[in-house]
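Heavy-atom basis, side chains included; hydrogens, waters and symmetry copies ignored.
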Amino acid sequence: MKKVRTRFAPSPTGFQHIGGFRTAMFAWLFAKANNGDFVLRIENTDQARSVNGATKYIIESLEWLGIDISEGPSYEDLKSIDEYWEGAPELNGNYGPYIQSERLTKYQAMAEKLINEGFAYRCDCTPEMLEKERNEQMARREMPGYSGYCRTRNVSKDSSHIVRLKLPGQFSISFDDSVRGHISWENPPLRDPILLKSNGSATYHLASVVDDTEMEITHVFRGEEWIPTTPIHLFLYDSLGIERPIFSHLSHILGVDGKKLSKRHGAASLNVFREEGYLPEAILNYITRIGWSPGEGEEREIFSIDELVKIFSLKGLSKSSGVYDVAKLQWMNGVYLREISLARFNEFALPLLEKEFVNFDRSKWDLVAPVVKDRLKVFNEIPQMVEFLFVENLKRDIDQITSKKIDSEGVRKVLEKAIEKIKNLNDFSIKSLELAIKEIPDELDLKMGPVFIAVRIAVTGKKATPPLFDSMFALGKDKCLKRLEETIKLL
RNA sequence: GUCCCCAUCGUCUAGCCUGGUCCAGGACAUCACCCUUUCACGGUGAAGACAGGGGUUCAAAUCCCCUUGGGGACGCCA
């Protein structure tokens with residue numbers, strides 16, 4: 001049996017959204033699950049649209065997600081695309097080069113072969129002519145497409161030309177998609193697609209078939225937007241007598257508006273999730289659950305990468321597209337957050353805190369980090385939770401300090417009592433603080449709730465915070481007293 | 001205009017292939033209660049879906065057809 005080889009073949013034209021990375025992840029999971037290879041190939045045939053930095057972004061994102069690349073572009077190739085990328089890795093393998101701009105002669109040779117065998121022809125129609133033709137067809141409400149003008153004209157090699165695939169006027173073709181089953185066409189509405197552009201580079205249709213063949217890709221994972229042009233690829237494989245790979249056309253991820261994910265859905269790009277503070281394993285896990293499920297009898301939602309590799313199968317891929325739901329991602333991120341070590345938590349949290357607070361104090365942070373960690377969904381919620389520790393002029397939700405249960409006079413008494421008790425404390429610890437403050441309700445004949453809220457808002461400014469005594473302890477005795485006194489003046 | 005794909009709670013989905021065990025199961029979100037110093041966690045419970053119509057069958061979420069709805073493709077983009 002042939003070794004399983006899958007590939008991820010993005011074009012470096014900008015930021016990939018999570019859907020793109022999900023495609024990569026499924027291809028990778030399948031390779032891993034079958035002891036195969038996962039190849040990264042950069043489809044930069046369209047030089048005009050290539051964006052500097054896009055390849056770096058893709059590779060670093062894959063690495064961040066924990067998707068390891070078996071083979072990919074060499075250091076030199078990477079530098080030729082992203083010239084300013086100093087730390088570009090060396091991914092090379094035995095099927096290189098892995099960037100399409102370096103494979104042009106292979107495409108040209110294949111085009112030549114197709115022409116010689118009568119499956120393709122040269123065409124010197126200008127873009128203007130084609131444009132005119134298309135406009136006329138649209139006006140007549142016909143399917144736009146090339147007329148086939150050059151099919152029999154034997155256009156010379158020497159003039160500026162493109163190469164087109166010669167598709168039969170009538171033909172039926174079909175294949176078995178691993179996620180959708182049998183897909184067939186009676187007469188696919190395709191008109192002699194372009195294989196080679198006038199500048200000598202290949203279009204996706206030619207390049208992907210040539211590359212997938214030469215790189216011995218056994219399973220092609222790609223978005224369902226490729227289904228309509230699959231007949232072109234099938235026709236190419238069949239004409240050339242090459243064995244077709246197994247196709248898995250993945251359903252799309254849609255935005256909340258039900259539309260295909262695009263730049264408009266800014267929040268759906270991986271770098272944004274990264275910046276907002278999601279854990280890679282949470283994103284990977286979440287992404288996996290849209291468009292795939294482990295099947296009957298499995299009701300868990302949380303899977304480690306290793307578990308995923310163990311249970312992944314093509315059978316679980318779903319046909320219908322899905323909408324990504326940030327709320328569920330957040331929940332999942334929270335689950336992972338509660339499980340990671342404090343050290344790893346700090347790797348993410350510290351840079352954020354140092355950036356946010358000029359007076360950031362690591363020793364104070366360490367006192368509350370564990371309790372903060374357990375009540376977080378996303379990292380970017382941290383600053384507002386611990387703001388009270390690192391700012392001088394605290395803003396308080398003072399209007400929430402009173403309620404039906406307590407008036408401002410009551411609050412004043414509570415705060416005065418608190419000051420008195422803290423002053424009399426001979427050791428300032430979480431435990432002693434708790435014992436002391438807990439005496440207040442009885443002494444003033446109040447309920448526990450309003451008393452704690454009063455102290456909480458006085459000290460931290462907010463109604464919802466990490467546990468009160470941990471917070472007060474981290475703040476320190478002097479600051480606590482100062483905050484309580486300040487608050488009395490506000491009443 | 002032509003072709004292709006898809007269709008179960010608000011969302012992600014199980015079940016569909018191999019009809020009966022499904023007055024449809026889980027998760028997120030929502031609501032209520034419990035736990036509780038707030039928040040979060042956890043626990044319990046509630047509400048919530050087989051797009052519509054025809055067949056086939058003793059029996060259909062499951063098989064077939066049509067309708068509708070959604071998505072996609074029709075480029076010297078991928």
Side-chain angles (χ1 to χ4, degrees), chain A residues 9-11 13 43-46 48-49 123 125-127 130-131 134 137-138 140-146 161-164 177 180-181 183-191 193-205 207-208 222-231 249 251-252 254 256 258-260 286 289-302 315-316 318-332 334-335 338 371-372 374-377 385 434 437-438 441 448-453 455-457 460 462-469 471:
Chain A
S11 55
T13 51
E43 308 225 324
N44 61 338
T45 53
D46 190 358
R49 298 205 317 154
C123 164
C125 293
T126 62
L130 298 172
E131 168 93 34
R134 186 161 30 241
Q137 287 163 332
M138 300 283 250
R140 277 181 266 134
R141 314 188 86 199
E142 283 171 11
M143 183 192 97
Y146 182 56
H161 66 274
I162 57 177
V163 175
R164 288 181 184 273
D177 190 278
R180 278 149 222 278
I183 299 181
S184 61
W185 287 263
E186 217 36 75
N187 287 303
L190 264 9
R191 304 266 196 84
I194 294 171
L195 262 21
L196 219 54
K197 309 176 199 176
S198 57
N199 66 4
S201 69
T203 60
Y204 173 89
H205 307 305
S208 69
R222 40 146 74 151
E224 62 173 323
E225 73 272 20
W226 288 106
I227 295 176
T229 47
T230 300
H249 286 100
S251 53
H252 285 147
L254 273 21
V256 266
K259 296 271 182 276
K260 193 179 165 186
Y286 174 68
R289 290 296 289 107
I290 132 162
W292 179 81
S293 87
E296 194 175 8
E298 179 55 86
E299 296 197 327
R300 284 178 300 166
E301 297 273 346
I302 307 293
K315 206 168 171 289
S318 64
K319 298 196 254 265
S320 50
S321 38
V323 173
Y324 88 94
D325 178 13
V326 197
K328 189 154 182 174
L329 207 211
Q330 290 182 344
W331 162 77
M332 201 171 266
V335 173
R338 271 169 248 128
V371 292
V372 168
D374 285 352
R375 61 210 74 212
L376 226 49
K377 283 197 168 78
M385 286 183 79
E434 178 172 357
I437 300 294
K438 276 189 170 166
M448 199 97 112
V451 171
F452 275 75
I453 287 176
V455 177
R456 190 183 301 277
I457 290 183
T460 71
K462 292 187 170 68
K463 227 173 152 178
T465 71
L468 223 209
F469 307 113
S471 302

In terms of side-chain heavy atoms, does A:Arg456 have a donor or acceptor partner in A:Thr465 at a distance below 3.5 Å? yes
N/O (side chain, A:Lys319) to phosphate O (OP1/OP2, B:rG71) under 4.0 Å: no
Check if the side chain of A:Arg456 and the base of B:rU37 share a donor-acceptor pair of N or O atoms closer than 3.5 Å. yes
Taking atom P in both B:rA29 and B:rG71, compute the distance separating them and give it to the nearest angstrom. 28 Å
Taking atom P of B:rC5 as reference, at what distance in whole Å does atom CD1 of A:Ile227 sit? 7 Å
Base partner of B:rC17, which must satisfy Watson-Crick or wobble distances under 3.5 Å: none
Compare side-chain N and O positions of A:Ser318 against OP1 and OP2 of B:rU13 and report whether any pair is under 4.0 Å apart. yes
Could you please name the option among B:rU13, B:rC28, B:rG75 that lies closest to any side-chain atom of A:Trp331? B:rC28
Who does B:rC76 pair with, Watson-Crick or G-U, both distances under 3.5 Å? none
Sticking with atom C1', work out how far B:rU56 lies from B:rA49, rounded to a whole angstrom. 25 Å
Report the distance from atom CZ of A:Arg338 to atom NZ of A:Lys377, rounding to the nearest 0.5 Å. 8.0 Å
Once you round to the nearest 0.5 Å, how far does CD1 of A:Ile183 lie from NE2 of A:His249? 7.0 Å
Determine the interatomic distance between C1' on B:rG19 and the same-named atom on B:rA27; round to the nearest Å. 28 Å
Only pairs with both distances under 3.5 Å count, Watson-Crick or wobble alike; so what is the partner of B:rA51 in this structure? B:rU67
What distance, rounded to whole Å, do you find between the two C1' atoms, one in B:rA7 and one in B:rU13? 14 Å
When rounded to whole Å, the CG to C1' distance for the pair A:Asp177 and B:rC17 reads 15 Å
Among the candidates B:rC5, B:rC76, B:rA73, find the nucleotide nearest to the side-chain atoms of A:Arg180. B:rC5
Once the angle between the rings of A:His205 and A:Trp226 is folded into 0 to 90°, is it parallel (under 30°), tilted (30 to 60°) or perpendicular (over 60°)? perpendicular
Give none if B:rA61 has no partner; otherwise give the nucleotide forming a Watson-Crick or G-U wobble pair with it, both distances under 3.5 Å. none
Look at the side chain of A:Ser198 and decide which nucleotide, out of B:rC12, B:rA7, B:rC76, has an atom nearest to it. B:rC76
Pair assignment for B:rC31, Watson-Crick or G-U wobble, requiring both distances under 3.5 Å: B:rG45
I want to verify a distance call: between B:rC17, B:rA78, B:rU37, whose nearest atom is closest to the A:Lys315 side chain? B:rC17
May I ask you to evaluate whether A:Arg134 reaches the phosphate of B:rG75, defined as a side-chain N or O under 4.0 Å from OP1 or OP2? yes
Does the side chain of A:Ser201 get closer than 4.0 angstrom to OP1 or OP2 of B:rC76 through an N or O atom? no
Using a 4.0 Å heavy-atom cut-off across all strands, classify A:Arg191 as base, sugar-phosphate, or nothing. nothing
If I pick the P atom on B:rA47 and the same atom on B:rG53, what distance separates them, to the nearest angstrom? 25 Å
Counting the atoms with a prime plus P, OP1 and OP2 as sugar-phosphate, which does A:Ile290 contact under 4.0 Å by heavy atoms, base, sugar-phosphate, or nothing? sugar-phosphate
Is the count of non-hydrogen atoms from other residues, nucleotides or ligands lying under 6.0 Å from A:Met143 atom CE greater than 12? yes
Determine whether any donor atom in the side chain of A:Arg375 lies under 3.5 Å from an acceptor atom in the base of B:rC39, or the reverse, and answer yes or no. yes
Between B:rU21 and B:rG15, how far apart are the two P atoms, rounded to whole Å? 16 Å
Contact summary for A:Ser198 and A:Ile162, nearest pair of heavy atoms: N-CG2, 3.4 Å
Taking N and O atoms by type only, does the side chain of A:Lys328 place a donor or acceptor under 3.5 Å from a partner on the base of B:rA29? no
5' priority, RNA chain B, between A:Ser321 and A:Ala327 [closest heavy atom]: A:Ser321
Please classify the nucleic acid contact of A:Gly291 as base, sugar-phosphate, or nothing, using heavy-atom distances under 4.0 Å. sugar-phosphate
Can you confirm whether more than 12 heavy atoms, excluding those of A:Arg140, are under 6.0 Å from its CZ atom? yes
Let me know, please, whether A:Asp325 or A:Val335 comes out on the 5' side of the other along RNA chain B by nearest nucleotide. A:Asp325
OP1 or OP2 of B:rA14 under 4.0 Å from side-chain N/O of A:Ser293: yes
Roughly, in whole Å, what's the span from CD in A:Glu301 to P in B:rA29? 11 Å
Rounding to an integer number of angstrom, what distance separates B:rG55 and B:rA61 when you compare their P atoms? 15 Å
In whole Å, what is the span from the NE2 atom of A:His205 to the P atom of B:rA78? 8 Å
Would you measure the distance from the P atom in B:rC17 across to the matching atom in B:rU62 and give it in whole Å? 9 Å
